[in-house]
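Structure, as structure tokens:
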Amino acid sequence: MANDSLSTVDLTDSKDFAKLVRGFPVRDGEKAWTVREVRDVADELTSDIDRLTSELAAADAELSDLLRNSGDGAGDDQADSGSSALEREQELALVNSTRDMLGQTRRALARIQVGTFGTCESCGLAIGKARVQAFPRATLCVVCKQREERR
């Protein structure tokens with residue numbers, strides 16, 4: 001993530017954006033990125049950010065309600081207490097998962113804006129256009145991802 005601290009490019013400025021897109025890496029045998037392709041990915045990421053932000057707000061509200069009402073109605077029944085605890089844990093897991101996905105999505109959009117999109121954060125080579133189009137949040141090429149998963 002070496003270049004993520006650089007100033008961002010306005011995605012609405014066609015000239016600067018086109019120049020930025022020309023610098024996105026591709027693997028051997030792949031065609032260069034087009035402005036349209038990158039705009040499509042950026043639009044998808046922006047839409048995902050909106051959706052995830054909404055989901056996170058709803059999940060946060062649900063978790064707050066569960067935590068606020070955790071003692072209500074449970075009485076001394078262990079089954080009710082256990083059920084309530086399980087429900088809170090599941091809601092917390094959902095909130096954390098949504099928060100992580102939102103962070104990854106924002107980071108992917110930021111990588112487009114600073115020109116590091118499509119570059120493996122481990123080896124610095126192209127992630128692969130098809131991989132990034134299928135999973136825009138990808139930050140590692142297949143080889144580095146496999147290496148990471150073996151650890």
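Scope of the values below: all heavy atoms of this structure, side chains included, with no hydrogens, waters or symmetry mates.
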(message) Other residues, nucleotides and ligands only: do more than 12 of their heavy atoms fall within 6.0 Å of CZ on Arg137?
(response) yes

(request) Could you tell me whether Lys19 and Asp16 have a side-chain N and a carboxylate O separated by less than 4.0 Å? (result) no

(request) Determine whether Leu52 and Leu63 fall in the same hydrophobic cluster, where Ile, Leu, Val, Met, Phe, Trp and Tyr are linked whenever their side-chain heavy atoms lie under 4.5 Å apart. (result) yes

(message) As an exercise, state the distance from CZ of Arg106 to OG1 of Thr46, rounded to the nearest 0.5 Å.
(response) 11.0 Å

(message) If we ignore hydrogens and angles and just use 3.5 Å, is the side chain of Ser97 paired with the main-chain N or O of Ala93 as donor and acceptor?
(response) no

(message) Closer than 4.0 angstrom, basic N to acidic O: yes or no for Asp40 and Arg36?
(response) yes

(message) Could you report the tightest heavy-atom contact between Thr53 and Leu102, atom names first, then the distance?
(response) OG1-CD1, 3.8 Å

(message) Minimum heavy-atom separation for Ile127 and Ala138, please, with both atom names.
(response) CD1-O, 3.4 Å

(message) Quick test of your reading of the model: are Lys145 and Glu148 salt-bridged, counting only N-O distances below 4.0 Å?
(response) yes

(message) Starting from Leu140, can I reach Met101 by hopping between I/L/V/M/F/W/Y residues whose side chains sit under 4.5 Å apart?
(response) no

(request) Output the distance between atom CD1 (Ile112) and atom CZ (Phe17), rounded to the nearest 0.5 Å. (result) 6.5 Å

(request) Answer yes or no: is there a side-chain heavy-atom contact under 4.5 Å between Cys141 and Leu125? (result) no

(message) Assess the residue pair Trp33 and Gln133 against the criterion (side chain to side chain contact (heavy atoms under 4.5 Å, CB included)); give the C-alpha distance rounded to whole Å, side-chain angles, the decisive distance to 0.1 Å, and a yes or no.
(response) CA-CA 10 Å; Trp33 284 96; Gln133 286 175 317; 3.7 Å; yes

(request) Over all heavy atoms of both residues, which pair between Phe117 and Pro25 is shortest? Give the atoms and the distance, please. (result) O-CD, 3.7 Å

(request) Search all heavy atoms of Gly115 against all heavy atoms of Leu20 and return the closest pair with its distance. (result) CA-CD1, 3.3 Å

(message) Is the shortest side-chain heavy-atom distance between Leu56 and Val95 below 4.5 Å?
(response) yes

(message) Checking Leu94 against Glu62 for the side chain to side chain contact (heavy atoms under 4.5 Å, CB included) test, could you report, in this order, the C-alpha distance in whole Å, the side-chain angles of both residues, the deciding distance, and whether it holds?
(response) CA-CA 10 Å; Leu94 177 64; Glu62 178 69 25; over 6 Å; no

(message) Please check this pair: side chain of Lys129 against backbone of Ala32, looking for a donor-acceptor N/O pair closer than 3.5 Å.
(response) yes

(message) Could you walk me through whether Glu37 and Lys31 satisfy the salt bridge (charged side-chain N to carboxylate O under 4.0 Å, His left out) test, starting with their C-alpha distance in whole Å, then the side-chain angles of each, then the deciding distance to 0.1 Å, before giving a yes or no?
(response) CA-CA 11 Å; Glu37 290 169 333; Lys31 293 182 180 177; over 6 Å; no

(request) Say whether, by atom type as modelled, one donor and one acceptor occur between the side chain of Arg111 and the main chain of Thr119 under 3.5 angstrom. (result) yes

(message) Tell me which pairs pass ring pair (Phe, Tyr, Trp, His ring centres under 6.0 Å) where either residue lies in residues 87-109, with sequence neighbours left out.
(response) none

